[in-house]
There are 2 protein chains.
Amino acid sequence: SQVFEEISPADFFYRNRDIAGFTNPSRAIFASIRELVENSLDAAELAGVPPDIYVRLTFGEGGSQSGIYKLRVEDNGSGITSRHIPSAFGQVLFGSKYKLKQARGTFGLGGTMAVLYGQITTHKPASIVSSTGSTKIYKYRIMIDIQRNKPIILERKIRINKERWHGTIVNFSLEGDYFRAMPKILEYLKQTALVNPYANITFVDPKGRLYKFMRVTTKMPPPPKETLPHPYGVDVETVKRLIQITRHRNILDFMRTHFHRTSEKIAHKFLEFTGIPKSKNPKNLGPQEIVKLVQMMKRFEEFRPPSASCLSPLGEDLLRVGILKELKPEFTAVCQRKPSTYSGHPFIVETAIAYGGEIPKKGDFIVYRFANRIPLLYDEASDVSFRVIKNMNWRRYKISPDMPIAVLVHICSTKIPYKTVGKEFIADRPEVKREILNGIREAARKLKRFLSKREHVEREKRR
Amino acid sequence: SQVFEEISPADFFYRNRDIAGFTNPSRAIFASIRELVENSLDAAELAGVPPDIYVRLTFGEGGSQSGIYKLRVEDNGSGITSRHIPSAFGQVLFGSKYKLKQARGTFGLGGTMAVLYGQITTHKPASIVSSTGSTKIYKYRIMIDIQRNKPIILERKIRINKERWHGTIVNFSLEGDYFRAMPKILEYLKQTALVNPYANITFVDPKGRLYKFMRVTTKMPPPPKETLPHPYGVDVETVKRLIQITRHRNILDFMRTHFHRTSEKIAHKFLEFTGIPKSKNPKNLGPQEIVKLVQMMKRFEEFRPPSASCLSPLGEDLLRVGILKELKPEFTAVCQRKPSTYSGHPFIVETAIAYGGEIPKKGDFIVYRFANRIPLLYDEASDVSFRVIKNMNWRRYKISPDMPIAVLVHICSTKIPYKTVGKEFIADRPEVKREILNGIREAARKLKRFLSKREHVEREKRR
Ligand SMILES: Nc1ncnc2c1ncn2[C@@H]1O[C@H](COP(=O)(O)OP(=O)(O)OP(=O)(O)O)[C@@H](O)[C@H]1O
Ligand SMILES: Nc1ncnc2c1ncn2[C@@H]1O[C@H](COP(=O)(O)OP(=O)(O)OP(=O)(O)O)[C@@H](O)[C@H]1O
Ligand SMILES: [Mg+2]
Ligand SMILES: [Mg+2]
């Protein structure tokens, strides 16, 4: 007969670490660097400062043949309050990004996965140094109790923070294969610099080579603001949880307080639509009444569409600046679409087409994909953006794949429809697909105009 | 400053249910049916009986327009002992398949995800009836406390099991879109019948239409046996856990008892190779000594390769029988490769090419992919088998895509390298890729021989 077991989420992602992107030593080095760099970028933006990020990868004690490396990532971000540092890196499904607000982080998993992978391949602890800019800097040495999904604190030190530094330094050892991973790591850093042109990223590789991606501006997009759930985006579980925590004893105030852009007037109209009396205590709604309430929310057509204040698109200027800095094209067409939603989640698509200059002719378009300012480098063929580009009728715009062209797609959302825990590619959501298609068409129109104008000028010259 | 939260694994998969395959109402109906059918097939094979599985999908109380369905899946499998029933369906990361033994289930997640999805879309409890063939049949009505990842038992009933029935019946409501999902559901059941030709599968759809997939044999492959970890497949964490639980006080007996096919003689040789004295108490190994032990395990070349007793391939006869029953080709070439390993996990590839008869001409090969006797129906282009078929040189075998040909690939392993939690497609592991390629080539050779023999016969006829 069957023998049952329960396992912790750390154990689940330990056993299935390839599902989180830690497939083999080469991929794991890439995954560790990207998870930590994305955490650092989030942290600097949270602190409202242009990010300064230092990544150093060195050979471990066994030297260059042992396959063991040491990874150190330092940032000038918001830092982490002392009591949360061990769990931030020693517990899976623990984090500060479970909010309705655009961020690179979303699962509460990445940083801990990197530390976990290091631990299972080298059995060495990780060291985390952090300060929020207070009078103290905290240093922890931790390991992870994988079966309990809890950090093990081996050491905790405090020192005085004279310069009121704020930031985080993560240091750990891991098995890897840098030489195999190198092209992807460098491509990742370059594309990160492109889509975050206000960031300084410095990388020292195991051979001591220095790569510097310098900022060309200190201008940053306005930060996103946390938002309330939208009536079109909730289900029974979410509404149940809101009812559990609400202090309101009538459903009118409940609707008005807990839902996005739901004024008293709209809440009134909605409750008339449902036939539920305004004074009804939400805690007295029965299970099927809650189901009906949620169904009614989907059918009521007068809720205002979600605002995009929880999003933070790059904007056409910054996108152009980043493309110029890293791709050096002759001409760039950018387009920022209006906010849209899928399944109640707001999103914005930004596209660009870069032509000529240092863009190489590859016989096909070079596709760059970004989500919440994260470059996506794997599984191109499965990604919705790639499919849109493949199936689009480019001849309408007199653009062909043998031209030196790069097509860039950036999606920002409170919930990127990632297909995988490893954030490799984006699922095919009809609303998102439509926005990508229209965004690329708009950019293609601009390029077509530039090319025909240029052709016209050349013809004039030849007369 | 950052506000931290921890979430349960049920909450993680609730928020990210598209990562588990529950993307939208149409996909969720498919996912629910496949998760329950796979559980039933595992259970019947565990009980050693040819599976009888009944799937019934009906319109919910709102009728055909409400988008609410009721799903009922019944099997004649091993059943579940009473005290484990609530957690089996009410707790994520709980199950009986966390062993080193081939099974369809692997994550401890699927059945609970189906119940969870039903709950968040309809707020109705699920009912589970089960017996292991004892004197009692147990019926539970449960919901899931998602934030705690625990079942909520609403009702528990016992009745006498007069006929000593064994099996499980799962009943729950869910939001869905059957008419969109129907082609995929029917294709799934047909391919399941193909790769499990000893199973009876009956499906009644919401319109009352009956689909019967009848067994053509009661012969089943020998069941897999649970195995020990292999020295080539372990890492520091696994060895640490074995050291914690071992009752042996010397490392020789530790190696001999806890590792696959490690006899006393081989354990001796290995310990001489490492320089660790045979009498060393494994619990006295320091962290870096454990790391060195694991590295030595990877380098010692005299461990016997993993045996395939933990696997249960279909076998050429059953595969042929299943293909004939569901595809009715004129000719079938099958091939079962020898056991191989990737990252220490044993696997076997079985391939087949079916030609002519009722196989339609589609202008390209029809690809059927299976893993541990589960059909994979999504993300074909990302799957390793599809890529092998696309890039193979078929002209060598005088086979071209305009012929009526289906190519089937079945991989069995103690750990299928799924890329996603939704078990949609298989990652590109070099060892697996090589076995698939060689397996298809072998089958292609057989088809080539058949075609040239037939061509020869036809030429003779025309003289
Ligand atoms: N460099 C850093 N600076 C400040 N806070 C950090 C840093 N790295 C991690 N954190 C904190 O630790 C938490 C957990 O990080 P982790 O990478 O595991 O998850 P996440 O970023 O929330 O989500 P994801 O798994 O999608 O990356 C973060 O939410 C953040 O609050
Ligand atoms: N029909 C059934 N008959 C017998 N046992 C079952 C049945 N359905 C589920 N179980 C038991 O409940 C456990 C949990 O099922 P669940 O589908 O959630 O996970 P799993 O099958 O182990 O893994 P996976 O997530 O890969 O499907 C199973 O491991 C099995 O022991
Ligand atoms: Mg992160
Ligand atoms: Mg299952």
Side-chain angles (χ1 to χ4, degrees), chain A residues 1-9 11-12 14-16 18-19 23-24 43 46 78 80-81 84 87-88 91 93-99 106-109 119-124 132 146-147 235-238 240-241 287-288 290-291 294 343 379 381-382 415 417-421 424 427, chain B residues 1-9 11-12 14-16 18-19 23-24 43 46 78 80-81 84 87-88 91 93-96 98-99 106-109 119-124 132 146-147 235-238 240-241 287-288 290-291 294 343 379 381-382 415 417-421 424 427 429:
Chain A
S1 78
Q2 309 185 67
V3 175
F4 286 85
E5 264 183 274
E6 69 178 38
I7 64 172
S8 78
D11 208 343
F12 176 80
Y14 157 61
R15 294 165 189 250
N16 300 296
D18 37 354
I19 280 186
T23 318
N24 53 47
L46 190 72
S78 61
I80 306 170
T81 38
H84 293 308
S87 293
Q91 184 175 335
L93 305 188
F94 180 92
S96 61
K97 299 165 199 169
Y98 290 128
K99 322 238 167 298
T106 170
F107 298 133
L109 181 56
Q119 173 173 316
I120 60 179
T121 53
T122 67
H123 211 325
K124 294 206 172 92
T132 54
I146 297 176
Q147 288 181 298
D235 55 30
V236 171
E237 175 73 14
T238 308
K240 244 173 65 184
R241 291 182 193 185
Q288 290 314 314
I290 298 178
V291 176
V294 172
S343 305
D379 294 312
S382 315
K415 184 173 196 317
Y418 290 118
K419 198 88 200 267
T420 58
V421 173
E424 283 131 342
Chain B
S1 79
Q2 309 186 65
V3 176
F4 286 85
E5 264 180 275
E6 68 179 37
I7 65 172
S8 77
D11 208 345
F12 176 81
Y14 157 61
R15 294 164 189 250
N16 300 296
D18 39 356
I19 279 187
T23 318
N24 53 46
L46 190 71
S78 61
I80 306 169
T81 39
H84 292 308
S87 293
Q91 181 175 336
L93 304 188
F94 180 92
S96 61
Y98 290 127
K99 322 236 167 295
T106 170
F107 298 132
L109 181 55
Q119 173 174 317
I120 60 181
T121 53
T122 67
H123 212 329
K124 294 207 173 88
T132 55
I146 296 176
Q147 287 181 296
D235 56 29
V236 172
E237 176 72 14
T238 308
K240 243 173 66 183
R241 291 180 193 187
Q288 291 312 314
I290 298 178
V291 175
V294 173
S343 306
D379 293 309
S382 314
K415 185 174 196 312
Y418 290 118
K419 199 85 203 263
T420 58
V421 174
E424 283 132 341
R429 292 297 164 82

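Each chain gets a letter, A, B and so on, in the order the sequences are listed, and its residues count up from 1.
Looking at A/Arg241, the atoms closer than 4.5 Å to chain B (heavy atoms on both sides) all sit in the side chain, from C-beta outward. Contacts of A/Gln147 with chain B are made by both backbone and side-chain atoms, with heavy-atom separations under 4.5 Å. Interface remark: A/His84 contributes side-chain atoms only to the contact with chain B (heavy atom separation under 4.5 Å). Neither the backbone nor the side chain of A/Ser87 comes within less than 4.5 Å of any heavy atom of chain B. A/Phe107 touches chain B through backbone and side chain together, each having a heavy atom under 4.5 Å away. Heavy-atom distances place the side chain of B/Val291, and not its backbone, under 4.5 Å from chain A. In this structure, chain B has a heavy atom under 4.5 Å from the side chain of A/Leu46, while its backbone stays farther away. Proximity to chain B is limited to the backbone of A/Thr122, based on heavy atoms less than 4.5 angstrom apart. Within the 4.5 angstrom heavy-atom criterion, atoms from both the backbone and the side chain of A/Phe4 approach chain B. Only the side chain of A/Ser78 comes within contact range of chain B, with at least one heavy atom under 4.5 Å from a heavy atom of that chain.
Chain B forms the most heavy-atom pairs under 4.5 Å with one residue out of A/Ile290, A/Asp379, A/Asp11, A/Ile80, and that residue is A/Asp11. The choice from A/Val294, A/Ile146, A/Thr121, A/Thr23 that makes the most heavy-atom pairs within less than 4.5 Å of chain B is A/Ile146. Between chain B and the residues A/Arg15, A/Lys124, A/Lys97, the most heavy-atom pairs under 4.5 angstrom are made by A/Arg15. Between chain A and the options B/Ala381, B/Ser8, B/Gly95, the largest number of non-hydrogen pairs under 4.5 Å is found for B/Gly95. Note: B/Asp18 leads B/Thr132, B/Thr81, B/Asn24, B/Asp18 in heavy-atom pairs under 4.5 Å with chain A. Chosen from A/Val3, A/Thr420, A/Ile7, the residue pairing most often with chain B at heavy-atom distances under 4.5 Å is A/Ile7.
Side-chain atoms of B/Thr106 never come within 3.5 Å of backbone atoms of B/Lys415 as a donor-acceptor pair (strictly under, hydrogens ignored).
For the pair B/Tyr14/A/Glu237, a side-chain contact is recorded, criterion being any heavy-atom separation below 4.5 Å from C-beta on. Between A/Glu424 and A/Lys419 there is no side-chain heavy-atom pair separated by less than 4.5 Å. Here the side chains of B/Leu93 and A/Pro9 are in contact, with some heavy-atom distance below 4.5 Å.
In this model, a donor atom of one side chain and an acceptor atom of the other lie less than 3.5 Å apart for B/Thr238 and B/Asp235.
B/Tyr98 contributes atom OH, which lies 9.0 Å from atom CD of A/Glu6 (distance to the nearest 0.5 angstrom). Atom CD of B/Gln91 and atom CG of B/Leu109 lie 12.0 Å apart (nearest 0.5 Å).
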